[in-house]
Amino acid sequence: MTAYEVSTLVLQGVVALGAFATLAVYYFQLRVMGRQLVAMQGSSQGQSTLALVDFLQSSEVRTARHIVRDKLSRIPLSEWNEEDRRCAALVCANYDVVAVLLRANLAPVELFVDNWATSINHCHEVLAPFIEDLRSESGDKLYWNNFDWLRQRTAQLTVA
């Protein structure tokens with residue numbers, strides 16, 4: 001073998017080692033980026049969960065739930081005044097929005113079922129005639145249907 005051939009083989013070997021080293025660095029970078037992505041998704045879900053909890057725990061929403069569960073559960077829909085209907089609509093709308101966000105996997109459903117199942121079930125039971133009344137008036141059978149989904153999901157997870 002000539003010196004030129006030897007130097008060419010050595011150079012090709014060095015280039016091949018450099019290419020493999022570059023691929024190894026890229027592989028490890030991809031693994032690190034994958035772990036960072038998973039961590040960011042977890043952080044995002046945590047932030048979404050905290051935002052949903054704040055949303056459900058705001059004083060106006062808590063007051064509305066209290067009125068629905070304590071007052072409206074004892075009187076028929078025909079006797080509800082305008083403030084009662086406003087509170088009922090607020091509770092329905094809030095649980096409907098929570099359900100939309102849970103369905104989008106922005107927070108763990110189990111967390112909300114474990115902590116709000118009683119309220120979700122009771123409010124849905126009390127507000128079912130109100131919801132049906134609004135659906136009839138509007139002609140939209142899907143009005144607040146995410147609240148229905150949340151109620152069904154709550155029933156599934158609390159029985160299981």
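These figures come from a predicted structure and were not determined experimentally.
Annotation: side chain of F112 is in contact with side chain of L52 (closest heavy-atom distance under 4.5 Å). Taking 4.5 Å as the limit, every side-chain heavy atom of H122 sits out of range of all side-chain heavy atoms of V68. Residues V113 and Q156 have side chains not in contact (no heavy-atom distance under 4.5 Å, counting atoms from C-beta outward). Counting only heavy atoms from C-beta outward, the side chains of R69 and V126 never approach each other to under 4.5 Å. In this structure, T154 and W116 have side chains that are not in contact, with every pair of non-hydrogen atoms separated by 4.5 Å or more.
Note: L150 CG to L101 CG = 11.0 Å, rounded to the nearest 0.5 Å. To the nearest 0.5 Å, the span separating OH on Y4 from OG1 on T8 amounts to 4.0 Å. The CE atom of M40 lies 6.5 Å from the CG atom of L37; values are rounded to the nearest 0.5 Å.
In this structure, the side chain to side chain contact (heavy atoms under 4.5 Å, CB included) partners of C87, at least two apart in sequence or on a different chain, are A64, I67, E83. Every residue meeting the ring-ring contact (aromatic ring centres under 6.0 Å, His included) condition with F147, not counting sequence neighbours, appears here in chain and number order: Y95, H124.
Counting only residues at least two apart or on different chains, no side-chain hydrogen bond (donor to acceptor under 3.5 Å, both in side chains) pair has a member in residues 14-25.
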- Take F130 and L134, measure what side chain to side chain contact (heavy atoms under 4.5 Å, CB included) needs, and give me the verdict at the end. CA-CA 6 Å; F130 175 69; L134 286 176; 3.4 Å; yes
- Task: List the steps and the verdict of side chain to side chain contact (heavy atoms under 4.5 Å, CB included) for W80 and I75.
- Result: CA-CA 7 Å; W80 292 7; I75 59 176; 3.7 Å; yes
- Given side chain to side chain contact (heavy atoms under 4.5 Å, CB included), test E5 with T2 step by step and report yes or no. CA-CA 5 Å; E5 291 172 331; T2 66; 3.4 Å; yes
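Listed here is the closest heavy atom pair of A107 and L102: O-CD2, 3.5 Å. A pairwise comparison of heavy atoms in L56 and R62 identifies O-CG, 3.8 Å as the closest pair. Nearest heavy-atom pair, I131 versus Y143, reported as atom, atom and distance to 0.1 Å: CG2-O, 4.0 Å.
A donor-acceptor contact shorter than 3.5 Å links the side chain of D96 to the backbone of N146.
The pair K141-E132 does not count as a salt bridge, with every side-chain nitrogen at least 4.0 angstrom from each carboxylate oxygen. Under the 4.0 Å criterion applied to side-chain N and carboxylate O atoms, R135 and D140 are not assigned as salt-bridge partners. Under a 4.0 Å N-O distance rule, the pair D133/R85 qualifies as a salt bridge.
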